[in-house]
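One structure is given below, encoded as structure tokens.
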Amino acid sequence: MSQFDSVSLAPADPILSITEAFKADSNPDKINLSVGVFVDDSGVTPILGTVREAEKRIVETNATKSYLPITGSPNYGALTQKLCFGNSLADSLKGRIITAHTPGGTGALRVAADFISSSLEANSVWLSNPSWANHKGIFSAAGLEPQTYAYFDQSTLSLDYPAFIESIKTIPAGDIVILHACCHNPTGADLSPAQWDEVAAIAANAGWIPLLDFAYQGFGTDIETDAYCVRAFAQTGKALFVCQSFSKNIGLYRERVGALHVVVGNEDEAKRVTSQVKIAVRTNYSNPPAHGGAIVETVLGNADLRSTWITEVTAMRERIHEVRDQFVRALEAAGVGRDFSFLKEQKGMFSFTGLTKEQAIGLRQDHSIYIVDSGRINVAGITSKNLPRLVEVLKGTLS
């Protein structure tokens with residue numbers, strides 16, 4: 001008898017398992033619209049030119065491989081705060097923002113979850129219905145109870161703002177509410193600036209604590225507009241968590257680069273919160289990996305590189321917008337009866353198509369088109385080469 005006989009087989013990750021099946025598929029015309037990775041029209045996830053240049057500079061100037069501080073380089077913290085909150089707001093909040101350089105946005109979420117579990121009196125963490133699948137797992141693993149608030153209307157495939165507002169008004173003070181700052185994953189349905197102002201006011205009055213998952217800055221409207229939500233909440237003067245990721249907008253997927261920002265009320269709170277955040281990091285990964293963070297510092301800290309990077313982000317965003325438009329027009333031209341114009345209103349890489357679980361399984365098994373069971377697709381995975389086949393198969397599926 002083995003000591004591991006009691007270990008059960010864990011359920012497969014709903015997205016990563018589909019990617020594994022895609023890789024094992026021998027069909028030369030297979031299409032992967034499941035995993036959340038940007039690709040160009042040739043189907044390749046590019047290394048940005050600014051990243052290549054930053055790495056050259058790092059190699060030439062790097063003098064040590066010693067540990068970073070527990071919360072990372074102070075310069076990394078300052079630069080990421082300014083990108084997130086804007087220069088003037090970041091300056092006005094100086095001494096009230098705690099920043100930890102984390103292994104990706106997922107790492108930021110887990111550090112936040114551990115801190116909340118150990119140091120706050122939150123009874124529940126609230127997720128949009130639907131939300132990114134890993135949100136529930138991360139906060140459950142930290143010992144927090146996930147609940148859901150209304151967000152999306154499956155019948156219209158759009159934001160149900162009235163239901164959303166009524167739902168968040170009932171959330172108890174002290175609980176944590178996870179909000180997608182832009183490019184909602186998985187629906188692509190975002191709030192307007194005026195709507196964010198209303199939500200920020202509700203949070204301030206109700207006393208629940210917002211946690212903003214900020215993984216797609218620049219992929220919605222632009223770098224500054226996509227940060228409107230973050231800045232609206234920060235300006236209320238209330239407690240705030242922001243989990244920032246550079247996987248998408250700097251293309252550092254495998255480098256795992258992110259940041260947790262915690263906005264507190266005063267410098268005394270900042271000292272106490274910092275001490276507990278450090279414990280959450282120390283008992284997890286001890287201190288952050290340096291290379292990806294150095295890339296971010298180099299790109300954001302040099303005016304010319306930063307300007308070029310913004311141009312690169314613009315090009316990625318415009319490709320996503322153009323793909324949405326091409327996809328809708330191709331479906332219309334093919335005579336697909338269902339109206340898919342809603343795809344053009346959604347933001348970011350992801351969209352809910354309205355396809356059923358059975359249809360999603362059929363697309364994978366019969367046509368080697370890989371989408372998740374919910375019907376969510378990564379529109380960035382559509383290319384000029386695979387678009388005709390995708391439309392042809394969807395026409396047959398929906399007829």
Side-chain angles (χ1 to χ4, degrees), residues 14 105-106 108-110 112-113 115-117 120-216 220 226 228-234 236 238-243 262-263 342 345-348 350-352 354 372-376:
T106 304
L109 287 162
R110 182 56 196 256
F115 167 78
I116 292 164
S117 180
L120 301 185
E121 296 180 355
N123 293 316
S124 298
V125 57
W126 293 78
L127 313 176
S128 63
N129 183 21
S131 190
W132 180 47
N134 209 21
H135 278 151
K136 182 177 181 180
I138 290 168
F139 286 89
S140 295
L144 296 164
E145 180 68 29
Q147 306 283 349
T148 58
Y149 58 83
Y151 189 81
F152 195 67
D153 186 340
Q154 292 281 359
S155 64
T156 63
L157 297 176
S158 62
L159 170 69
D160 189 344
Y161 188 68
F164 166 62
I165 289 296
E166 290 308 309
S167 189
I168 62 172
K169 284 180 178 178
T170 67
I171 295 174
D175 278 5
I176 308 298
V177 180
I178 298 178
L179 298 157
H180 300 238
C182 68
C183 305
H184 185 275
N185 180 6
T187 69
D190 283 358
L191 277 66
S192 69
Q195 289 171 335
W196 278 126
D197 286 339
E198 183 177 8
V199 176
I202 290 170
N205 292 329
W208 49 257
I209 304 173
L211 187 155
L212 308 180
D213 192 341
F214 198 20
Y216 302 98
D226 289 353
Y228 187 93
C229 160
V230 175
R231 298 167 191 181
F233 279 100
T236 68
K238 302 296 184 179
L240 173 66
F241 295 89
V242 184
C243 295
V262 189
V263 180
F342 62 86
E345 305 302 319
Q346 297 170 348
K347 300 282 183 68
F350 300 115
S351 288
F352 259 20
V372 297
D373 288 351
S374 66
R376 187 209 78 174

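Excluded from the calculations below are hydrogen atoms, water molecules and symmetry mates; all remaining heavy atoms, backbone and side chain alike, are included.
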Closer than 3.5 angstrom, by distance alone: can the side chain of [X] be matched with the main-chain N or O of [Y] as a donor-acceptor pair?
X: S167; Y: A150; value: yes
X: Y228; Y: C182; value: no
X: D153; Y: S158; value: no
X: S140; Y: G137; value: no
X: Y216; Y: D226; value: no
X: N129; Y: Y151; value: no
X: W132; Y: H180; value: no

Measure the [atom1]-[atom2] distance between [X] and [Y] for me, rounded to the nearest 0.5 Å.
X: R231; Y: L240; atom1: CZ; atom2: CG; answer: 12.5 Å
X: L179; Y: L127; atom1: CG; atom2: CG; answer: 10.0 Å
X: L120; Y: I176; atom1: CG; atom2: CD1; answer: 5.5 Å
X: I165; Y: L191; atom1: CD1; atom2: CG; answer: 7.0 Å
X: L157; Y: E345; atom1: CG; atom2: CD; answer: 12.5 Å
X: K347; Y: T187; atom1: NZ; atom2: OG1; answer: 12.0 Å

Nearest heavy-atom neighbours spanning [X] and [Y]:
X: T236; Y: A204; answer: CB-CB, 4.3 Å
X: V230; Y: A181; answer: CG2-CB, 4.2 Å
X: S351; Y: Q346; answer: OG-OE1, 2.5 Å
X: L211; Y: C243; answer: CD2-SG, 3.9 Å
X: P146; Y: K136; answer: CG-CG, 3.9 Å
X: A206; Y: A173; answer: O-CB, 3.3 Å

Any side-chain heavy atom of [X] sitting closer than 4.5 Å to one from [Y]?
X: F342; Y: T156; value: no
X: E145; Y: N123; value: no
X: T170; Y: Y149; value: no
X: P172; Y: W126; value: yes
X: I171; Y: Q147; value: no

Looking at L212, I209, I178, which hits side chain to side chain contact (heavy atoms under 4.5 Å, CB included) with F241?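 So, applying the side chain to side chain contact (heavy atoms under 4.5 Å, CB included) to F241 and each of L212, I209, I178, only I209 qualifies.
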Sole candidate of L144, D175, V177 that passes side chain to side chain contact (heavy atoms under 4.5 Å, CB included) when paired with V125: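 Exactly one candidate clears the test, L144.
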For the residue pair [X] and [Y], categorise the inter-ring angle as parallel (less than 30°), tilted (30 to 60°) or perpendicular (more than 60°).
X: F233; Y: W196; answer: perpendicular
X: Y161; Y: F164; answer: tilted
X: F152; Y: F352; answer: perpendicular

Assess whether side-chain contact (heavy atoms from CB on, under 4.5 Å) is satisfied between H184 and L159, documenting all intermediate values. CA-CA 10 Å; H184 185 275; L159 170 69; over 6 Å; no
